[in-house]
Amino acid sequence: MSRLRLGVNIDHVATVRNARGEGYPDPVRAAEAALAVGADGITAHLREDRRHISDADIDALAAICRRRGRPLNFECAVTPEMESIALAHRPHAACLVPERREERTTEGGLDVVRGQATIAPVVARMTEAGIRVSCFIEPDAAQVAAARAVGAQVVELHTGAYCQAVREGQPGAAAILERLKTAAAEAHCLGLEVHAGHGIDYETVKPVAAIPELRELNIGHFLIGEAIFIGLGPAIQRMRELMDEARGA
Ligand code: PXP
């Protein structure tokens with residue numbers, strides 16, 4: 001199986017920094033550390049309420065990724081403000097996500113089926129600017145087809161429900177994994193590149209990484225949490241090893 005890329009999401013370094021309202025720890029330093037140990041790219045979500053990543057972080061992350069020739073995956077809501085920030089930076093990729101201010105994290109996938117008319121022109125303008133656009137969706141055939149219809153090049157399958165089901169020992173976990181596999185195969189058949197992410201930890205990474213159509217995982221919260229105990233570099237390296245084992249490398 002082909003090698004799976006690992007995008008490291010550094011949002012929660014900014015969460016810790018913002019708890020003090022000062023400059024430490026710096027998510028840009030975390031991004032540098034992640035790239036130094038083999039992260040294939042950096043993912044950051046500029047939320048509308050700026051609760052973790054700030055505009056200045058995006059400026060700095062875009063600069064270091066450009067300098068190091070590594071992709072920045074800019075996660076954002078489908079709003080005029082986020083679109084103009086994406087167009088100003090022209091990151092390697094933009095991942096369109098749903099956003100509700102009161103949610104703690106991105107709770108579900110983007111409803112591309114219902115939002116098609118709003119999403120399609122945004123995808124077109126970003127694509128025209130050279131940005132590779134991804135839609136973060138639930139593993140569902142209609143959402144996959146809609147992502148293709150709006151012109152996205154990539155879908156990122158939401159693994160949150162699967163990871164939560166595994167953590168809670170829910171009997172439905174296996175069925176959710178099957179839905180992820182089916183959606184990955186459907187997306188691949190439609191010519192979409194397939195990514196996955198949300199909630200992945202050492203326990204859930206292998207079943208997800210073993211889905212053959214996947215090309216990239218985006219992982220954040222668990223790695224930043226694990227960095228408290230073993231350090232960011234070793235946490236990323238361990239995740240990398242598990243991904244490689246799952247791919248039979
Ligand atoms: N992918 C997307 C689209 C996300 O919104 C997030 C969370 O910001 C992640 C991946 C990473 O999720 P986690 O932080 O739970 O690993």
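Whatever order the structure lists ligands and atoms in, that order sets their numbers, starting from 1. Computed from a predicted structure; not experimentally measured.
- Below 3.5 Å of separation, one finds no N or O of H12 facing any N or O of ligand 1.
- Atoms of ligand 1 found under 4.0 Å from any heavy atom of V97, numbered from 1 in the order shown, are 3 (C).
- Of the N or O atoms in N218, none lie within a sub-3.5 Å distance of an N or O in ligand 1.
- With hydrogens and angles ignored, the 3.5 Å screen pairs no side-chain donor or acceptor of R148 with any backbone N or O of Q143.
- Considering backbone and side-chain atoms alike, E156 places an N or O below 3.5 Å from some N or O of ligand 1.
- For ligand 1, the atoms closer than 4.0 angstrom to any heavy atom of D11 are 8 (O).
- Within the 4.0 Å heavy-atom criterion, the part of E75 lying near ligand 1 is the side chain and not the backbone.
- For the pair Y162/V208, a side-chain contact is recorded, criterion being any heavy-atom separation below 4.5 Å from C-beta on.
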Worked verdict on E186 versus H188 for side chain to side chain donor-acceptor pair (under 3.5 Å)
CA-CA 5 Å; E186 285 163 349; H188 181 73; over 6 Å; no
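- Counting only heavy atoms from C-beta outward, the side chains of P98 and D111 never approach each other to under 4.5 Å.
- At a 3.5 angstrom cut-off on N or O pairs, G199 counts as close to ligand 1.
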The test is ring-ring contact (aromatic ring centres under 6.0 Å, His included); show your working for F136 and H158 and say whether it passes.
CA-CA 6 Å; F136 184 50; H158 197 315; 4.5 Å; yes
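- What you find for R70 and L35 is that their closest heavy atoms are NH1-CD2, 3.5 Å.
- The distance from ligand 1 to the heavy atoms of F136 drops below 4.0 Å at these ligand atoms: 2 (C), 3 (C).
- For I219, no nitrogen or oxygen atom sits less than 3.5 Å from a nitrogen or oxygen atom of ligand 1, counting backbone and side chain alike.
- Checking D59 against H89 by side-chain atom types alone, a donor-acceptor pair falls below 3.5 Å.
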